[in-house]
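Below is one structure, written out as C-alpha cells, with a few remarks after it.
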Amino acid sequence: MQPSDLTLLFAVFVTASLLTKLWLDTRQARFVAQHRAAVPGAFSKDVTLHSHQRAADYTQDKLRFGLLNTAISTAVLLGWTLLGGLDILNHAVRDAVFPRWGGLAYQLALLGAFTAIGAVIEWPMDAWNTFRIEQRHGFNRMTWRMWIGDQIKQVIVGILIGTPIAALILWLMGAAGQAWWLWAWAAWVAFSLLLMVIFPIFIAPLFNKFTPLQDDGLATRVTDLMTRCGFKAKGFFVMDGSRRSAHANAYFTGLGSSKRVVFFDTLLNKLSHGEVEAVLAHELGHFKHKHVLKRMIMMFVMSLAGFALLGWLSRQLGFYLGLGVSPNLGAPNDALALLLFMLALPSFMFFVSPVFAYFSRRDEYQADAYACQQSSGQDLAMALIKLYKDNSSTLTPDPMYVRFYYSHPPASERLAAMAASA
C-alpha cells in the first residue's frame, strides 16, 4: 500500500461524504420549508397548523446545527489525520510515558488523551444543542448543573468500562500473534454481551431513576399483551425522562433474565392505556421477527470483518503514513492503528449507511403490522401521530433524505402501510 494512494483515497471519500451531507441537508431544508404552509391532508384532523410549523422550525434549526457540526467534525478529522494532529499527540504522549511506564501504559495514555481532547471539542456542541436548540423549542428540562454532572458521570463510567477492554485488546494485539484480531473480536463480543446485561442494572440508574410501574390497570394490560405474545420480562419500569427532556419514548433493555420494559414518564403522560399497549406491541414485534437478534448478528459479523481488516492494515507502513502519522520505531503502534482505523472508517462507511437504513425501515413496517395484529391498529396510529406531534418530527421530509438517513419510515408512509394492512 502506497501512502500517497491512501491519502488520495481518504481525501476523496471525506470530500464526497461532506458534499453529500451538505446536498442532503439542503434538500431537506428546502423541502420542509416548501411544505410549511399547510398540514398534509392525512394529518389535518389531528395536527394543527401551529404544531406542523413548529416541527418545521425545529427541523430547520437541527439542520443548521447539523451543517455546523459536520463542518467542525470534518475539520477535526483532517486535523487529526492529514494535518498531523495525531502524530503530534503521539510523540508527546510517547516521550512522556513510554520510557518510564512501558508500552501498555503509553498506549492507554494515548487513547485517553485522544478521548479527552475529543470530549472537550464535543462538549460545546452538545451544550449548544441542549441549551439553545432543544430549549428554544421547549424540549430541554436540564439545568447546567445536571448537564455538567452527566458529563462527569460519563467520563467516570467511560474510564471504568473502557480501560479494561482497551487494555485487553491492546495486550492481545501485541501478544496473540498474527491472529490477534480474531481473539480481540471474541473479547469484544463477550464484552458487548456483558454490557447488555449490566447496563440496565448498574449503569442506567446512574443517570435516571427507574421505578416499578404503579398504574395497576396499565400493568395488567401490558402483562396480558406480553403473555399472549409469548414474552417475559423482569419487570415494567418508568424512567424519569422528564427531568432532562420533553421527548417521549419506550424501549426494551437488557439481555436474558435482565431484560426489562422501560416507559418514559413523558410517554405515559401523553398516551392512553390502549396507545401505550400498541407501542409496546410494536416493540414486541421486533422481538417476534427476531430483528434484535439479526442486528446483533450483523453487528458481530461486521465487527469481525473490521477487526480482520485492522489486523492487515496495522502491518502496513502506508496505512500510517497515508493518514498523516509516522509509526513508532521503538514502541508499539497498536493504539495508533486503532485510532487511525476509528477515524478513517466512518468516511468509507458513509455511503453504505442507506442500506442499513433501508433494512431498519423494513423492520419497522413488520413491527407495525405485528402490533396491529396483537393490539388496536387505531391506537397505534394515534400513538404515532401524538409522538410525531409532541416530538416535533416533520411530517414532510424530503424523500431522498429519508432514503439516506431515516431508520424509521416517515409518518405518512407508516400510516398508509398500516391502513393497507388493516
Would Ser17 and Thr20 satisfy side chain to side chain donor-acceptor pair (under 3.5 Å), going step by step from the backbone distance to the final call?
CA-CA 5 Å; Ser17 60; Thr20 303; over 6 Å; no

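- Put simply, the residue from Val262, Val238, Asp240 that forms a side chain to side chain contact (heavy atoms under 4.5 Å, CB included) with Phe210 is Val262.
- Ring geometry, Phe348 versus Phe13: the interplanar angle falls from 30° to 60°, so the pair is classed tilted.
- A centroid separation of 6.0 Å or more is found between the aromatic rings of Trp312 and Phe319.
- Side-chain atoms of Glu134 and Tyr58 form a donor-acceptor pair, as typed in the model, at a separation below 3.5 Å.
- Residues that satisfy the ring pair (Phe, Tyr, Trp, His ring centres under 6.0 Å) test with His35, not counting sequence neighbours, are Phe31.
- Using a 4.5 Å heavy-atom threshold, the side chains of Val222 and Phe236 count as touching.
- Counting heavy atoms from C-beta outward, Met400 and Trp23 have side chains that approach closer than 4.5 Å.
- Shown here is Tyr358, whose OH atom has no more than 12 heavy atoms of other residues, nucleotides or ligands within 6.0 Å.
- No side-chain heavy atom of Leu168 sits less than 4.5 Å from a side-chain heavy atom of Phe191.
- Remark: side-chain polar atoms of Ser360 are not paired, donor with acceptor, to backbone N or O of Phe356 under 3.5 angstrom.
- Looking at Leu267 and Leu387, their side chains come closer than 4.5 Å, going by heavy atoms from C-beta outward.
- Side-chain contact between Thr130 and Trp147 is present, with heavy atoms from C-beta onward closer than 4.5 Å.
- Under the rule for a side-chain hydrogen bond (donor to acceptor under 3.5 Å, both in side chains), Arg141 has no partner lying at least two apart in sequence or in another chain.
- Between the side chain of Gln60 and the backbone N or O of Ala29 there is at least one donor-acceptor pair closer than 3.5 Å.
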Could you go through Tyr388 and Asp46, starting from their C-alpha distance and side-chain angles, then the distance that decides it, and tell me whether this counts as side chain to side chain donor-acceptor pair (under 3.5 Å)?
CA-CA 11 Å; Tyr388 273 96; Asp46 302 299; over 6 Å; no

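- Side-chain contact, Ser242 with Asp265: a donor N or O sits under 3.5 Å from an acceptor N or O.
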What's the verdict on salt bridge (charged side-chain N to carboxylate O under 4.0 Å, His left out) for Arg403 and Glu413, showing C-alpha distance, side-chain angles and the deciding distance?
CA-CA 12 Å; Arg403 300 299 174 258; Glu413 296 182 14; 3.2 Å; yes

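- For residues 184-206, the side chain to side chain donor-acceptor pair (under 3.5 Å) pairs, not counting sequence neighbours, are Trp185-Ser303.
- Counted within 6.0 Å of NZ on Lys153, heavy atoms from surrounding residues, nucleotides or ligands total more than 12; the atom is thus considered enclosed.
- Looking only at side-chain heavy atoms (C-beta outward), Thr59 and Leu63 come within less than 4.5 Å of each other.
- In the displayed structure, Lys386 atom NZ is contacted under 6.0 Å by more than 12 heavy atoms of other residues, nucleotides or ligands.
- Looking at Ile203 and Leu195, their side chains come closer than 4.5 Å, going by heavy atoms from C-beta outward.
- Of the N and O atoms on the side chains of Asp215 and His273, at least one donor lies less than 3.5 Å from an acceptor on the other residue.
- Side-chain contact between Leu218 and Leu268 is present, with heavy atoms from C-beta onward closer than 4.5 Å.
- Using a distance-only test at 3.5 Å, with no hydrogens or angles considered, a donor-acceptor pair links the side chain of Thr266 to the main chain of His247.
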As a quick check of understanding, evaluate salt bridge (charged side-chain N to carboxylate O under 4.0 Å, His left out) for Asp150 and Arg244, giving each step before the final call.
CA-CA 11 Å; Asp150 280 355; Arg244 288 174 169 78; 2.7 Å; yes

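- For the pair Lys21 and Phe350, the distance from NZ or CZ to the six-membered ring centre is under 6.0 Å and the angle to the ring normal is within 45 degrees.
- Ser347 contributes no side-chain N or O that, together with a main-chain N or O of Val14, makes up a donor-acceptor pair within less than 3.5 Å.
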Show your working on salt bridge (charged side-chain N to carboxylate O under 4.0 Å, His left out) between Arg228 and Glu277 and close with a plain yes or no.
CA-CA 13 Å; Arg228 67 176 181 265; Glu277 177 187 339; 2.8 Å; yes

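- Relative ring orientation between Trp80 and Phe114 is described as tilted, the plane-to-plane angle lying within the 30° to 60° band.
- Relative ring orientation between Tyr405 and Tyr401 is described as tilted, the plane-to-plane angle lying within the 30° to 60° band.
- At a cut-off of 3.5 Å, with distance as the only test, a side-chain donor of His286 or Glu364 sits close to an acceptor on the other residue.
- Around the CD atom of Gln378, the shell of radius 6.0 Å holds no more than 12 heavy atoms that belong to other residues, nucleotides or ligands.
- Side chains of Thr70 and Ser73: no donor on one and acceptor on the other come within 3.5 Å.
- Within the cation-pi definition used here (under 6.0 Å to the ring centroid, within 45° of the axis), Arg54 qualifies as a partner of Phe139.
- A donor-acceptor pair is defined here as one N or O able to donate and one able to accept, closer than 3.5 Å; no such pair exists between the side chain of Arg243 and the backbone of Met142.
- In this structure a side-chain-to-backbone donor-acceptor pair under 3.5 Å is missing from Asn69 to Phe65.
- A distance-only check finds a donor-acceptor pair linking the side chain of Arg315 to the backbone of Gly311 [under 3.5 Å].
- Donor-acceptor pairing under 3.5 Å is lacking for the side chains of His137 and Asp57.
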